[in-house]
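Below, chain A is the first sequence line, B the second, and so on; all start at residue 1.
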There are 2 protein chains.
Amino acid sequence: MGSAERLRQITDAVRAAGSVGVAELAALTGASEMTVRRDLEALAEQGVLERYRGGARSLLLRGAEPPFALRSQEGLEVKRRIAAEVAGLIADGESVVLDSGTTCLEVARALEHRRLTVMPLSLHAVNALSGAPQVTLLVPGGRPRPGELALTGPLTAASLAALRFDTAVLGCCGVHATDGLTAYDLDDAAVKQAAIASSRRVIAVAEAAKFGRTALAHVAPATALHALVTDGTAPDEETGALTRAGVTVRQV
Amino acid sequence: MGSAERLRQITDAVRAAGSVGVAELAALTGASEMTVRRDLEALAEQGVLERYRGGARSLLLRGAEPPFALRSQEGLEVKRRIAAEVAGLIADGESVVLDSGTTCLEVARALEHRRLTVMPLSLHAVNALSGAPQVTLLVPGGRPRPGELALTGPLTAASLAALRFDTAVLGCCGVHATDGLTAYDLDDAAVKQAAIASSRRVIAVAEAAKFGRTALAHVAPATALHALVTDGTAPDEETGALTRAGVTVRQV
DNA sequence: CATAACGAACAAGTCTGATGTTTGAAAGAT
DNA sequence: ATCTTTCAAACATCAGACTTGTTCGTTATG
């Protein structure tokens with residue numbers, strides 16, 4: 001679809017300038033004003049921006065993460081490579097708790113034809129696996145956050161506390177040698193902690209951009225990780241520090 | 001899609017005869033053999049039948065219910081009317097636990113734009129409501145049954161036990177004045193019981209065909225129901241008996 | 001009141017998914 | 001072993017859905 005590229009252009013332009021007029025966006029994208037209006041309406045529903053008469057202004061705070069629908073398309077190739085590597089680290093028959101986030105969604109897709117027990121922490125991954133006959137799927141309780149569909153809250157905590165897993169696959173918003181794993185959302189962080197507490201082995205996934213970044217909510221120190229899978233462009237000093245902390249770092 | 005009708009024809013023919021050849025089915029439906037093969041493949045994946053070279057044999061035991069994908073298309077209009085009536089019985093702001101099944105899925109769709117707290121017991125309904133900004137969605141834990149995607153098991157029981165609802169909307173496989181509400185699946189029945197136990201008010205939905213029928217698993221006596229919504233073709237002696245048992249019966 | 005922006009409705013173009021046909025391979029029968 | 005039937009992949013075709021652009025009446029704003 002050619003519309004994805006246009007949506008990205010509009011999102012970027014609005015985020016960069018704060019607010020942009022419809023005519024301007026039409027000129028930028030080469031599409032008609034009507035199409036731009038429809039796009040703006042769609043983005044407004046996703047919570048990316050706010051319409052006003054004549055244009056739109058960004059709702060994304062600096063540092064806040066863009067909505068799921070956008071992130072899930074970005075760097076798909078890298079995420080797939082990481083996901084394939086993670087799938088290789090998991091043995092048939094294992095029980096796995098799978099974190100929310102776009103990278104973990106790709107991991108779910110990579111596990112679709114494997115004989116495993118999987119509890120995903122996001123409804124996106126649940127849906128990706130609900131048609132897989134080989135996978136024993138467990139759904140945690142909880143309240144799905146809009147868009148993200150990540151499950152959080154006391155029901156999620158209770159579901160995790162009731163079970164023990166061989167492996168936890170965690171996504172994150174930031175990885176740092178001294179600050180460890182961090183997340184944007186406090187509730188999310190609590191769920192990740194519960195997942196770690198219920199698992200014998202912890203594998204983290206993180207594209208290179210996450211390295212050295214620190215988000216609001218602390219999840220766990222780097223030493224809590226057993227392995228971390230990232231792409232080849234991750235900075236050497238960060239991966240080195242993690243290796244020295246006892247984490248098996250895999251770059252694909 | 002016009003394929004639904006053909007799938008139904010094939011399912012019926014195979015179920016009636018036990019096993020049917022591909023050529024026969026092609027003649028029956030008027031479609032090419034290739035199309036029949038593709039349909040058989042799809043139905044085999046749904047667990048309706050089993051392929052063998054030259055044809056297919058039924059896997060549906062007499063009395064067992066057909067797969068979700070088929071049931072969800074049958075009698076849609078009736079289900080929608082029943083669902084609209086149920087939606088009318090629920091007040092804004094209520095907390096509702098919503099059973100699995102195709103009729104309850106229509107209820108979920110009818111509640112999409114209402115301001116409510118809803119915990120659906122099937123992933124189909126969860127997905128129907130996950131984009132609804134007005135609805136506070138709660139997901140119960142559990143193991144989704146393939147196809148049906150109804151959540152069952154200890155995690156589901158625990159999720160229900162932890163909460164109290166204003167209203168439970170229950171589907172069923174059979175309603176009978178003396179046998180009460182019954183279900184095909186034992187685990188399902190246990191979940192329905194837990195839903196009843198956690199709710200102040202119980203509304204049952206049942207198309208006319210469910211009346212007087214009794215399935216394997218007992219859920220609750222008719223006296224446990226506060227209201228029952230059905231369509232106009234339900235037999236008078238059954239609805240009368242329920243009314244005498246203290247159930248408010250609504251026919252739409 | 002005038003102007004610009006909006007959105008509903010329609011038309012044209014595009015894309016996707018379903019269906020049928022062909023054909024080479026595989027399974028089963030003779 | 002050979003022949004026949006069935007299968008499934010590949011390609012062609014078609015219909016319907018979706019996207020986009022245009023027009024035009026309506027609405028908001030100065």
Novice: If you compare every side-chain N and O of B:Arg6 against the phosphate oxygens of C:dA18 (OP1, OP2), does one of them come in below 4.0 Å?
Specialist: no
Novice: Looking at A:Arg37 and A:Glu33, is there a salt bridge between them, counting it only when a charged N and a carboxylate O are closer than 4.0 Å?
Specialist: yes
Novice: B:Thr35 side chain to B:Ala31 main-chain N or O, any donor-acceptor pair under 3.5 Å?
Specialist: no
Novice: Should A:Asp231 and A:Gln251 count as side-chain neighbours, where that means a heavy-atom distance under 4.5 Å?
Specialist: no
Novice: Check whether any side-chain N or O of B:Thr230 sits under 3.5 Å from a backbone N or O of B:Ala206 as a donor-acceptor pair, and report yes or no.
Specialist: yes
Novice: Tell me: CD1 of B:Ile10 to P of C:dA18, nearest whole Å?
Specialist: 15 Å
Novice: Give me the one residue out of A:Glu148, A:Lys79, A:Glu207, A:Arg71 that meets side chain to side chain donor-acceptor pair (under 3.5 Å) with A:Thr102.
Specialist: A:Lys79
Novice: Please, which pairs that meet side chain to side chain donor-acceptor pair (under 3.5 Å) have at least one residue in residues 119-140 of chain B, sequence neighbours excluded?
Specialist: A:Asn127-B:Asn127
Novice: Check each residue of residues 13-38 of chain B for a non-hydrogen atom within less than 4.0 Å of any atom in DNA chain D, then write out the ones that pass by number, or none.
Specialist: B:Val22, B:Met34, B:Arg37
Novice: To the nearest 10 degrees, how far apart in direction are the end axes of the helix from C:dC1-D:dG30 to C:dT30-D:dA1, each fit to five base pairs?
Specialist: 30°
Novice: Please give, in whole Å, the distance from C:dG28 P to B:Tyr52 OH?
Specialist: 13 Å
Novice: Could you work out which one of C:dG7, C:dG28, D:dA28 sits closest to the side chain of A:Arg53?
Specialist: D:dA28
Novice: Report yes or no: does B:Glu94 contribute a side-chain atom to a donor-acceptor pair with the main-chain N or O of B:Ala91 at less than 3.5 Å?
Specialist: yes
Novice: To the nearest Å, how far apart are A:Leu40 CG and D:dT20 P?
Specialist: 13 Å
Novice: Examine distances only and state if a side-chain atom of A:Arg15 and a backbone atom of A:Leu59 form a donor-acceptor pair shorter than 3.5 Å.
Specialist: no
